[in-house]
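Chain letters run A, B, ... following the sequence lines, proteins first and then strands; every chain starts at 1. Side chains are part of it too, since the values below use all heavy atoms of this structure and drop only hydrogens, waters and symmetry mates.
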Number of protein chains: 2
Amino acid sequence: MTYAAPPPTADDPDSERAQFGRRLRALRRDRGWTLSELAERSGLAVSTLSKAERGLMSLTYDRMLQLARGIGVDMAELFTPDGTSFAPGSFAVAAKGEFKRQETPNYVYEMLFPEIRNKAMVPMMGTLKAHDLKDFDDFVRHPGQEFLIVLEGAITVFAEGKAPVTLRQGDSLYLDSSRGHLYASAGAQDARILVVCTEPDTTEPAPADASGSRV
Amino acid sequence: MTYAAPPPTADDPDSERAQFGRRLRALRRDRGWTLSELAERSGLAVSTLSKAERGLMSLTYDRMLQLARGIGVDMAELFTPDGTSFAPGSFAVAAKGEFKRQETPNYVYEMLFPEIRNKAMVPMMGTLKAHDLKDFDDFVRHPGQEFLIVLEGAITVFAEGKAPVTLRQGDSLYLDSSRGHLYASAGAQDARILVVCTEPDTTEPAPADASGSRV
DNA sequence: CAATCGTTTTTCTTATCGGAAAAATTTGCC
DNA sequence: GGCAAATTTTTCCGATAAGAAAAACGATTG
């Protein structure tokens with residue numbers, strides 16, 4: 001009845017440890033440093049670095065701390081992969097209205113730049129229709145973070161475990177989108193909002209997705 | 001000629017390791033778990049957890065990975081001290097105008113949610129002043145991607161290697177911000193834009209910062 | 001071929017880590 | 001409040017892996 005899969009010693013090239021090692025090697029090579037140069041900067045032995053980068057060794061906290069300082073990054077940065085496949089130098093312009101629509105009776109969302117795949121951010125233009133509060137959609141939950149700003153009108157933000165908040169034109173919101181959330185027009189008129197997510201929202205409109213991640 | 005101070009074995013209560021340990025203990029107690037409960041969830045020994053939480057031991061990568069999974073957090077989250085990261089479930093509202101300003105003769109940028117650190121996205125409100133095109137700023141370059149939408153007025157986008165583009169109200173732009181770029185008001189009046197970056201732009205207005213980190 | 005540079009392997013010391021006993025803390029009961 | 005039982009945490013010790021120093025290996029260049 002073990003909860004987490006115990007990886008005691010993994011030598012396969014796709015283990016987390018091997019990936020971590022490749023990330024270390026990338027960080028070093030990005031800077032044009034050799035093993036011995038990083039060894040000098042970090043105070044670690046060359047052999048240690050070599051084994052760590054190849055995933056043959058499991059660095060201890062102390063060594064990782066030295067390593068992070070030697071590289072010049074935050075400790076957390078060692079564990080946040082940085083690869084998005086947005087091609088280097090990319091550049092795209094969208095004219096007003098050139099959007100891909102997703103529509104329900106309650107709202108219209110138009111994704112900007114649908115032709116760019118794997119964006120680090122997904123900007124969407126939303127129109128929340130002034131509507132009866134009877135047939136509401138369910139909370140939406142998806143991984144990542146979300147930014148919202150009210151362009152026209154006013155909206156009510158329902159967030160799981162929070163009292164409803166009213167945002168007026170120019171107000172904005174930043175939230176962890178794994179917390180259940182739902183937007184609705186607050187006034188008698190339609191509201192226009194701009195939403196930017198860090199990850200594409202693949203959830204379907206209605207069903208309450210019960211894939212409970214992180215309490 | 002060592003660059004980073006080597007902390008081989010530190011037993012003082014204010015070492016990074018001790019702080020890390022206290023953070024681990026907090027994460028566990030927040031969930032109301034005992035050492036043996038976390039031991040079962042993570043697959044680590046009780047004694048190991050005890051020593052790690054007191055900073056008497058330097059956990060290896062493999063154990064930290066098991067631990068993170070047992071606790072149910074991302075590896076990086078173990079290293080992001082509480083106040084400074086966008087914690088899971090976070091939720092923040094900014095009223096119009098509650099921004100941190102950065103001003104030059106040509107523009108005013110106001111960062112939204114300056115109190116939230118380590119956001120995945122950095123939304124900023126910008127006012128581009130109608131100005132002579134004589135004293136222009138230089139291209140700006142920073143890692144990450146950038147989204148822009150014109151809220152009021154019209155702007156001209158200068159991007160390195162591209163012909164200038166004019167964006168009007170409602171138009172938007174998505175670019176790799178490592179490509180040199182520069183925005184200016186296009187008309188005779190000021191323009192208002194919303195910019196969202198994937199990483200904080202730490203570049204100073206004018207001077208060419210030569211502290212080359214990751215090209 | 002020699003020489004240099006970057007990486008890997010070898011050898012040896014020391015620390016991590018798991019298991020179980022000991023100590024400390026909390027809980028139950030009168 | 002006090003004492004005993006149960007639970008939680010810490011300490012002790014042996015097996016195994018981390019980590020430093022140095023030698024070996026491979027590639028590149030003069």
Verify whether one side chain among Gln66(A) and Arg69(A) offers a donor that lies under 3.5 Å from an acceptor in the other.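 No, because no side-chain N or O of Gln66(A) sits under 3.5 Å from a partner of the opposite role on Arg69(A).
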Would you tabulate the nitrogen or oxygen pairs shorter than 3.5 Å linking the protein to nucleotides 8-12 of chain D?
residue	atom	partner	partner atom	Å
dT9(D)	OP1	Arg28(B)	NH1	3.4
dT9(D)	OP1	Arg29(B)	NH2	3.3
dT9(D)	OP2	Leu35(B)	N	2.8
dT10(D)	OP2	Arg25(B)	NH2	3.0
dT10(D)	OP2	Ser50(B)	OG	2.9
dT11(D)	OP2	Arg54(B)	NH1	2.5
dT11(D)	OP2	Arg54(B)	NH2	3.4

Taking only side-chain N and O atoms of Arg63(A), does any of them lie within less than 4.0 angstrom of OP1 or OP2 on dA18(D)?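 No, Arg63(A) has no side-chain N/O under 4.0 Å of OP1/OP2 on dA18(D).
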May I ask you to evaluate whether Thr60(B) reaches the phosphate of dT16(C), defined as a side-chain N or O under 4.0 Å from OP1 or OP2?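 Answer is no, no contact under 4.0 Å.
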Round to a whole Å and report the spacing from [atom1] of [X] to [atom2] of [N].
X	N	atom1	atom2	result
Glu37(A)	dT7(C)	CD	P	11 Å
Tyr61(B)	dA17(D)	OH	P	19 Å
Leu49(A)	dA21(D)	CG	P	12 Å
Met57(B)	dC17(C)	CE	C1'	6 Å

Residue pair Ala184(A) / Phe158(A): nearest heavy atoms and the distance that separates them: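 Closest heavy-atom pair between Ala184(A) and Phe158(A): CB-CE1, 4.3 Å.
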Residue pair Ile149(A) / Met125(B): nearest heavy atoms and the distance that separates them: CD1-CE, 3.3 Å
N-O pairing of Arg29(B) and Glu53(B) below 4.0 Å: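 Between Glu53(B) and Arg29(B) there is no salt bridge, as every charged N stays at least 4.0 Å from the carboxylate O atoms.
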Just report the end-to-end axis angle for the helix from dC1(C)-dG30(D) to dC30(C)-dG1(D), five pairs per end, to 10 degrees. 30°
Which residue is it: Glu146(A), Met121(A), Gln145(A)? I am looking for the one with a side chain to side chain contact (heavy atoms under 4.5 Å, CB included) to Thr198(A).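 The passing option is Gln145(A).
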